[in-house]
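Reading through the structure tokens given below for one structure.
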Amino acid sequence: MGWAIALHGGAGDIPHSLPPDRRLPREAGLRHCLDVGIAALKAHKHPLDVVELVVRELENYPHFNAGKGSVLTSSGTVEMEASIMDGKSKKCGAVSSLSTVVNAVSLARLVMEKTPHIYLGFHGAEAFAREQGVETADPSYFITPENIERLKQAQDANRVQIDYTQPVQKEAKDAAATIPNGDSQIGTVGCVAVDSEGNLASATSTGGLVNKMAGRIGDSPIIGAGTYANHLCAVSATGKGEAMIRGTVARDVAAVMEFKGLSLKEAAAYVIDQVPPGNAGLVAVSSTGEIATVFNTTGMFRACASEDGYSEVAIWDSPLK
């Protein structure tokens with residue numbers, strides 16, 4: 001038994017031809033955030049602190065679809081959501097439809113620790129953020145030129161899409177608009193961690209889908225769908241939110257381990273196999289330090305490491321050099 005950590009920056013139809021200006025910053029971000037998490041675990045930080053810290057870093061990184069990098073709704077606004085869960089106590093917190101909170105994951109933890117509730121959303125969540133004195137910013141802080149361009153691209157094609165979907169060529173727009181559900185619809189960040197004592201935690205955060213309807217809530221703040229942790233494992237999922245909610249993906253990994261007696265990797269593979277292809281991915285760790293990174297999409301931005309020296313940063317099937 002030893003510590004282990006895994007994190008992701010979203011799964012989806014990620015083309016192998018992804019331009020360097022979109023690929024390299026994400027690779028660097030994954031490596032940086034992994035190093036932050038490793039350092040925290042080596043310093044004997046509790047996994048709950050570790051996953052919050054790492055997800056905050058991912059939220060602050062504008063190349064991932066969370067926090068500063070959050071994509072825009074069909075109204076041109078940002079609506080962020082997040083959740084966090086402690087495995088031992090099963091305490092958890094979640095927030096959604098945030099427009100000014102710099103780090104949604106930290107507000108989710110405050111919901112867990114400072115209220116009798118699990119989930120706050122919309123104006124109530126924003127009011128709670130002000131009461132707690134968390135860092136906020138004008139909504140314009142979150143709206144980047146790249147995400148304005150992505151929204152225009154999605155609206156021109158009449159679809160919702162993942163943040164790194166490639167631009168639609170003019171002659172292909174009409175055809176693209178007729179494809180059910182448009183292009184890949186996935187984009188999230190998350191982290192799971194376990195310490196040498198077997199304590200587990202998970203956290204997930206996202207800006208949602210490009211061109212989503214205002215008020216739409218995905219799986220990221222839903223305990224059991226996008227985030228889950230108990231005494232056996234911690235899971236953070238990424239995928240098309242509607243599919244993840246229907247499949248209760250994060251909770252099912254723990255359930256399959258408990259009731260079928262499968263290992264973490266076997267359970268994760270089994271659960272992802274139940275989700276329609278092209279819709280899901282997850283990272284998970286077990287109480288014994290096992291790591292699973294599974295997806296049924298073209299790729300998943302991810303990184304992981306364990307106390308025995310194993311480390312990986314990858315997007316597609318093969319680790320990056």
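The only option from V210, V71, V78, N65 that meets the side chain to side chain contact (heavy atoms under 4.5 Å, CB included) definition with N147 turns out to be V71.
For E135 (side chain) and V102 (main-chain N/O), no donor-acceptor pair under 3.5 Å exists by modelled atom type. Judged by distance alone, with hydrogens and angles left aside, the side-chain atoms of E79 form a donor-acceptor pair with the main-chain N or O of G215 at under 3.5 Å. Proximity of a side-chain donor or acceptor of N279 to a complementary backbone N or O of N296 within less than 3.5 Å is not detected. In this structure, the side chain of K240 does not engage the main chain of G278 through any donor-acceptor pair within 3.5 Å. When atom types are taken as modelled, the side chain of S202 and the backbone of V235 share a donor-acceptor pair closer than 3.5 angstrom. Although no hydrogens or angles enter the test, the distance criterion places a donor-acceptor pair under 3.5 Å between the side chain of Q274 and the main chain of Y270.
Looking only at side-chain heavy atoms (C-beta outward), H46 and D86 come within less than 4.5 Å of each other. Side-chain contact between R302 and L30 is absent, with no heavy atoms from C-beta onward closer than 4.5 Å.
Listed here is the closest heavy atom pair of A40 and V50: CB-CG2, 3.8 Å. Looking at every heavy atom in both residues, L34 comes nearest to S311 through CD2-OG, 3.8 Å. Scanning all heavy atoms of the two residues, the minimum distance from I217 to S96 falls at CD1-OG, 3.6 Å. Between P25 and R22, the closest heavy-atom pair is CD-C, 3.9 Å. Residues L264 and A284 approach most closely at CD2-O, 3.6 Å, considering heavy atoms. Taking each heavy atom of G299 and W316 in turn, the nearest pair found is CA-CD1, 4.2 Å.
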Query raised in the report: Given I148 and I143, is the side chain to side chain contact (heavy atoms under 4.5 Å, CB included) satisfied, shown in steps?
Result: CA-CA 7 Å; I148 293 174; I143 300 177; 3.7 Å; yes
Query raised in the report: Taking it one step at a time, do R246 and E242 satisfy salt bridge (Lys or Arg N to Asp or Glu O under 4.0 Å)?
Result: CA-CA 6 Å; R246 292 186 190 103; E242 287 72 13; over 6 Å; no
Query raised in the report: Do D35 and R31 pass the salt bridge (Lys or Arg N to Asp or Glu O under 4.0 Å) test, and can you show the C-alpha distance, the side-chain angles, and the key distance before you say yes or no?
Result: CA-CA 6 Å; D35 288 342; R31 289 192 174 94; over 6 Å; no
Requested in this report: Given side chain to side chain contact (heavy atoms under 4.5 Å, CB included), test L7 with V283 step by step and report yes or no.
Outcome: CA-CA 6 Å; L7 56 112; V283 296; 5.8 Å; no
Query - Worked check of side chain to side chain contact (heavy atoms under 4.5 Å, CB included) between F295 and L282 - result: CA-CA 6 Å; F295 51 95; L282 64 82; over 6 Å; no
Report task. Show the numbers, then the answer: is there a side chain to side chain contact (heavy atoms under 4.5 Å, CB included) between F142 and L98? Result -> CA-CA 11 Å; F142 304 95; L98 302 176; over 6 Å; no
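Linking ILVMFWY residues whenever their side-chain heavy atoms come closer than 4.5 Å, directly or via other members, places W3 and V55 in the same cluster. With hydrophobic clusters built from ILVMFWY side chains whose heavy atoms lie under 4.5 angstrom apart, I291 does not share a cluster with M257. Linking ILVMFWY side-chain heavy atoms closer than 4.5 Å, directly or via other members, places L53 and V189 in two distinct hydrophobic clusters. Cluster membership for M300 and V285, using ILVMFWY side-chain heavy atoms within less than 4.5 angstrom, is shared. In terms of hydrophobic clustering, with Ile, Leu, Val, Met, Phe, Trp and Tyr side chains grouped at heavy-atom distances under 4.5 Å, V253 and I222 are assigned to different clusters.
Rounded to the nearest 0.5 angstrom, F301 CZ and I315 CD1 are separated by 4.5 Å. In this structure, CE on M244 lies 6.5 Å from OG1 on T238, to the nearest 0.5 angstrom. Once rounded to the nearest 0.5 Å, the distance linking CG of L24 with NE2 of H63 reads 10.0 Å. To the nearest 0.5 Å, atom CG of residue N230 and atom OG of residue S287 are 8.5 Å apart. Note: D195 CG to H44 NE2 = 10.0 Å, rounded to the nearest 0.5 Å. If you take SG on C92 and CE on M85, they are separated by 4.5 Å, rounding to the nearest 0.5 Å.
A side-chain donor from one of S236 and T204 sits under 3.5 Å from a side-chain acceptor of the other. Between the side chains of T227 and S83, at least one donor N or O lies within less than 3.5 Å of an accepting N or O. Side chains of S75 and T77: no donor on one and acceptor on the other come within 3.5 Å. Judged purely by distance below 3.5 Å, without hydrogens or angles, the side chains of T293 and H8 never pair a donor atom with an acceptor atom.
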Sequence neighbours left out, cut at 3.5 Å: what donor-acceptor pairs do the side chains of residues 123-131 make with other protein atoms?
from	atom 1	to	atom 2	distance (Å)
E126	OE1	T100	OG1	2.5
E126	OE2	S99	N	2.5
E126	OE2	S99	OG	3.4
E126	OE2	T100	N	3.1

Please tabulate, one pair per line, all N/O donor-acceptor pairs under 3.5 Å involving side-chain atoms of residues 103-112, not counting sequence neighbours.
from	atom 1	to	atom 2	distance (Å)
N103	OD1	R56	NH1	3.4
N103	OD1	R56	NH2	3.3
N103	ND2	E59	OE1	3.0
N103	ND2	N60	OD1	3.1
S106	OG	E52	OE2	2.6
S106	OG	R56	NH1	2.8
R109	NE	E113	OE2	2.9
R109	NH1	D49	OD1	2.6
R109	NH1	E52	OE1	2.8
R109	NH2	D49	OD1	3.0
R109	NH2	E113	OE2	3.3

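Taking the ring axis of Y141 as reference, the NZ or CZ atom of K68 stays within 45° of it and closer than 6.0 Å to the ring centre.
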